[in-house]
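Written below as structure tokens is the structure these notes are about.
For reference, positions follow the sequence shown, starting with 1. In listed order, ligands and their atoms are each counted from 1.
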Amino acid sequence: MEKLKITGGQTLHGEISVSGAKNAALPAIFACLLTDEKCVLDNIPALRDVDLALNVLRTMGVICDYQEGKAHINAASLNTRQAPYHLVKTMRASVLALGPLLARFHQATVSLPGGCAIGARPVNMHIDGLRQMGATLKIEHGDIVSKTKKRLRAANIRLPQPTVTGTENLMMAASLADGETVIENAAQEPEIIDLAAFLNKMGAKIRGAGDERIYIMGVDRLRGATHNIIPDRIETGTYLCAATAVGGDIFLKNARLNDLSAVVKKLKAVGAKIQQQQTGIHLLMKNRPRAVSVKTAPHPGFPTDMQAQWMAVCAIADGAAEITENIFENRFMHVPELARMGADLLQHDGFVAVRGVQQLSGARVMATDLRASASLVIAALAAQGMTTIERIYHLDRGYVRMDEKLQTLGAQIERIH
Ligand code: EPZ
């Protein structure tokens with residue numbers, strides 16, 4: 001198993017490029033199932049989850065060629081309507097095959113994505129929405145078995161709460177349905193806007209993506225298209241938090257401030273100077289951050305995917321803060337690991353009280369999930385002495401070559417094979 005060895009105490013200086021957004025790349029890859037024409041996706045990040053998504057499609061007969069950040073996908077050769085369990089179980093975003101397969105082939109079998117470290121993560125809202133569009137869906141032996149006698153029909157779907165992949169699944173299904181579907185209480189993340197942009201290039205008729213109400217007028221067929229994936233706002237936020245925690249002067253090329261307004265507002269509150277420039281974001285941090293509380297919420301609120309990283313900033317900040325997680329029921333597994341490094345954290349039901357300490361100390365810690373791993377990296381960069389982080393395959397799911405990018409910024413970090 002690979003590990004990361006980090007010696008803390010360095011400030012961060014220099015320029016790195018932000019990669020394409022994992023959570024925009026994954027839905028776009030599955031959206032290619034909606035047409036039998038060739039699609040080209042650019043700025044696709046070289047991540048394990050992207051490999052897994054392409055392998056799901058390959059196993060189903062789809063031609064997928066990925067090189068230098070470009071994915072060429074052609075689903076004309078699709079030879080099954082079943083997404084393979086052994087791959088789906090390793091990546092829950094495979095549930096995004098459901099909407100496209102149902103919409104185009106009127107049947108789909110996708111294994112029920114299990115829960116994961118951060119929570120049960122049910123897909124009942126995906127299923128209920130597709131039922132309202134005329135599909136029958138049953139759970140049989142761990143699979144979602146779905147079919148529809150004829151073309152899906154438009155529906156007025158009001159989501160009980162914003163679900164990102166739920167909104168994406170329903171938007172893809174509705175793009176080929178008969179009539180105009182309205183999704184109310186839709187997720188508003190930038191990745192939703194990016195997926196709608198790609199679908200519209202394919203000939204879909206979607207408006208309102210990014211607002212709480214999305215209108216999708218179904219069309220008879222979609223054609224191949226080329227699309228450039230947006231930059232990863234969570235990768236951006238992670239590096240902004242790292243430089244805020246340890247101090248420094250960094251430039252993140254391709255980063256977009258507007259995708260991260262809730263995070264940027266908090267970073268400025270703790271003392272960081274942040275500016276959007278022509279080709280990216282500049283951050284300057286000269287002193288110890290002040291502690292500031294956050295509550296996670298659906299976009300445009302403070303993203304749950306930044307909660308663990310924020311805790312690392314508060315762990316060494318001046319003062320006390322409360323970090324409230326409102327999206328997932330078990331997204332505090334970084335707490336005991338941060339505590340091993342000397343963080344002063346008190347976990348309550350749904351929130352953690354953090355009292356900033358002057359100095360964290362390096363230790364052997366273990367990554368438990370993607371964003372928890374990023375939190376440990378930030379803490380290690382700020383800690384006195386050496387930290388070893390184990391199970392960093394979690395980190396590689398969502399961050400392209402984080403060790404190399406941090407080395408570029410002057411961190412003392414190396415990957416041990
Ligand atoms: C997406 O997951 C992201 N993944 C997650 O990023 C992100 O943390 C999450 O949205 C929240 O922003 C991708 O986009 C691939 P949800 P998703 O449906 O769509 C509950 C990362 O770190 N819910 O928005 O699975 C659910 O349990 C990953 O990159 C239901 O109850 O999340 C959760 O409490 C981790 N029933 C809440 O809604 C449903 O049918 C939000 O989940 C669907 C969701």
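Counting non-hydrogen atoms of neighbouring residues, nucleotides and ligands closer than 6.0 angstrom, the NZ atom of K201 exceeds 12 such neighbours.
In L370, the part holding a heavy atom less than 4.0 Å from any atom of ligand 1 is the side chain. Of all the heavy atoms of E191, none lies under 4.0 Å from any atom of ligand 1, so neither backbone nor side chain is involved. With a 4.0 Å heavy-atom cut-off, ligand 1 is reached by no atom of I127. At a 4.0 Å heavy-atom cut-off, ligand 1 touches D305 through the side chain alone. Heavy atoms of T304 found under 4.0 angstrom from ligand 1 belong exclusively to the side chain. When heavy-atom distances to ligand 1 are checked against a 4.0 Å cut-off, R331 comes that close only through its side chain, counted from C-beta outward. Looking at R92 against ligand 1, only its side chain comes within 4.0 Å, counting heavy atoms. Contacts between H299 and ligand 1, counted as non-hydrogen atom pairs separated by less than 4.0 Å, are absent for every part of the residue.
Taking every non-hydrogen atom of V164 and a distance limit under 4.0 Å, the qualifying atoms of ligand 1 come out as 1 (C), 10 (O), 12 (O), 14 (O), 16 (P), 18 (O), 19 (O), 24 (O). Set against the non-hydrogen atoms of V123, the atoms of ligand 1 under 4.0 Å away are 39 (C), 40 (O). Listed by number with element, the atoms of ligand 1 under 4.0 angstrom from any heavy atom of K22 are 21 (C), 29 (O). Distances below 4.0 Å separate heavy atoms of H126 from the following atoms of ligand 1: 40 (O).
If you check each of R371, E168, Q161 against atom 22 (O) of ligand 1, the one with the closest non-hydrogen atom is R371. Distances from atom 43 (C) of ligand 1 to the heavy atoms of A372, P122, A25 show the closest one on P122. Considering each of L96, I327, T165, the one bringing a non-hydrogen atom nearest atom 34 (O) of ligand 1 is I327.
The shortest N/O to N/O separation between G166 and ligand 1 does not fall below 3.5 Å. Annotation: M125 places an N or O atom under 3.5 Å from an N or O atom of ligand 1; distance criterion only.
Salt bridge status for D178 with R153: absent, with no side-chain N to carboxylate O gap under 4.0 Å. Ion pairing of E37 with R223 is absent here, as no side-chain N (NZ or NE/NH1/NH2) approaches a carboxylate O to less than 4.0 Å. The pair D305-K22 fails the salt-bridge criterion, with no side-chain N (NZ, NE, NH1 or NH2) lying under 4.0 Å from an Asp/Glu carboxylate O.
Listed for the R391 side chain is no donor-acceptor partner under 3.5 Å among the backbone atoms of M1. Listed for the T388 side chain is no donor-acceptor partner under 3.5 Å among the backbone atoms of R364.
For the side chain to side chain donor-acceptor pair (under 3.5 Å) with Y399, the qualifying choice from H394, K405, R371 is R371, the only one to do so.
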What verdict does the side chain to side chain contact (heavy atoms under 4.5 Å, CB included) test give for H227 and D194, after you've listed the backbone C-alpha separation in whole Å, the side-chain angles of each residue and the deciding distance to 0.1 Å?
CA-CA 9 Å; H227 186 64; D194 201 43; 2.9 Å; yes

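Residues that satisfy the side-chain hydrogen bond (donor to acceptor under 3.5 Å, both in side chains) test with R256, not counting sequence neighbours, are D259. With sequence neighbours left out, F351 forms a ring pair (Phe, Tyr, Trp, His ring centres under 6.0 Å) with H348.
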